[in-house]
Amino acid sequence: EVESIHSTLPLDDVEFCEIVIEFVERLRERLIEMRRVHSTGASQELARLAHWLKGAGGTAGFHDLTEPARGLEQASQSDDSMAANTWLNKTEEIASRIELPQMPVNS
């Protein structure tokens with residue numbers, strides 16, 4: 001069984017929950033964009049997107065994304081397409097296991 005990934009933020013707080021849900025929605029869009037950008041060979045653009053992910057992923061409580069985002073950013077900066085592809089695959093695999101939180105019911 002594949003293990004789900006959850007944010008480390010306090011998800012019983014509505015505002016944190018909204019931040020996480022918004023991040024996950026944006027992440028899904030950005031991963032599609034990263035894949036497209038990688039296929040066109042625009043390595044600096046891919047590095048910029050990976051840099052966003054490195055910061056935003058940690059901020060949203062998804063620290064599992066930090067290392068692959070850093071690897072993707074470095075591979076892109078050094079124009080290493082094969083390494084970038086490997087890191088992008090790893091990032092997509094991790095993202096596929098992220099479980100969206102349920103909005104807390106106001107007490």
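Side-chain atoms are counted along with the backbone in the values below, which use heavy atoms only and exclude waters and symmetry mates. Nothing fancy with the numbering, it's 1 onward along the sequence.
Across Leu49 and Met34, no two heavy atoms sit closer than the pair O-CE, 3.3 Å.
By the 4.5 Å heavy-atom criterion applied to side chains, Glu29 and Glu33 are not counted as neighbours. The shortest distance between side-chain heavy atoms of Trp87 and Leu46 does not fall below 4.5 Å. Residues Leu65 and Ile98 form a side-chain contact, since some pair of their non-hydrogen atoms from C-beta on lies under 4.5 Å apart. Side-chain contact between Val24 and Phe62 is present, with at least one heavy-atom pair separated by less than 4.5 Å.
Ser4 is linked by a side-chain hydrogen bond (donor to acceptor under 3.5 Å, both in side chains) to Glu99, counting only residues two or more places apart in sequence or in another chain.
Between the side chain of Arg97 and the main chain of Glu3, a donor-acceptor pair closer than 3.5 Å is present.
Both Leu31 and Leu100 belong to a common hydrophobic cluster when Ile, Leu, Val, Met, Phe, Trp and Tyr are linked at side-chain heavy-atom distances under 4.5 angstrom. Using a 4.5 Å cut-off between side-chain heavy atoms of Ile, Leu, Val, Met, Phe, Trp and Tyr, with links allowed through other members, Met103 and Leu9 fall into the same hydrophobic cluster. By the rule that hydrophobic residues join a cluster once side-chain heavy atoms approach within less than 4.5 Å of another member, Val14 and Leu11 end up as members of one cluster.
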Without placing hydrogens or testing angles, list every side-chain donor-acceptor pair under 3.5 Å for residues 78-85, not counting sequence neighbours.
unit_1	atom_1	unit_2	atom_2	d
Ser78	OG	Gln74	O	2.9
Ser78	OG	Ala75	O	3.3
Asp79	OD1	Ser43	OG	2.9
Asp80	OD1	Met82	N	3.4
Asp80	OD1	Ala83	N	3.1
Asn85	OD1	Arg35	NH1	2.7

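Expressed to the nearest 0.5 Å, how far CD of Gln77 lies from CG of Leu72 amounts to 10.0 Å. Rounding to the nearest 0.5 Å gives a distance of 11.5 Å between OG1 of Thr59 and NZ of Lys54. Once rounded to the nearest 0.5 Å, the distance linking CG of Asp64 with CD1 of Ile5 reads 4.5 Å. Separating the OG1 atom in Thr91 from the CZ atom in Arg30 is a distance of 14.0 Å, to the nearest 0.5 Å. Here Glu92 contributes atom CD and Ile32 contributes atom CD1; the two are 9.5 Å apart, rounded to the nearest 0.5 Å. Here the straight-line distance linking atom OG of Ser7 with atom NE2 of His63 works out to 7.0 Å at 0.5 Å rounding.
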Exercise for the section: Starting from the C-alpha separation in whole Å, work towards a yes-or-no answer on salt bridge (charged side-chain N to carboxylate O under 4.0 Å, His left out) for Glu45 and Arg48. Expected result: CA-CA 5 Å; Glu45 176 68 7; Arg48 187 186 66 74; 2.7 Å; yes

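The number of heavy-atom neighbours closer than 6.0 Å to NE2 of His6, taken from other residues, nucleotides and ligands shown, is above 12.
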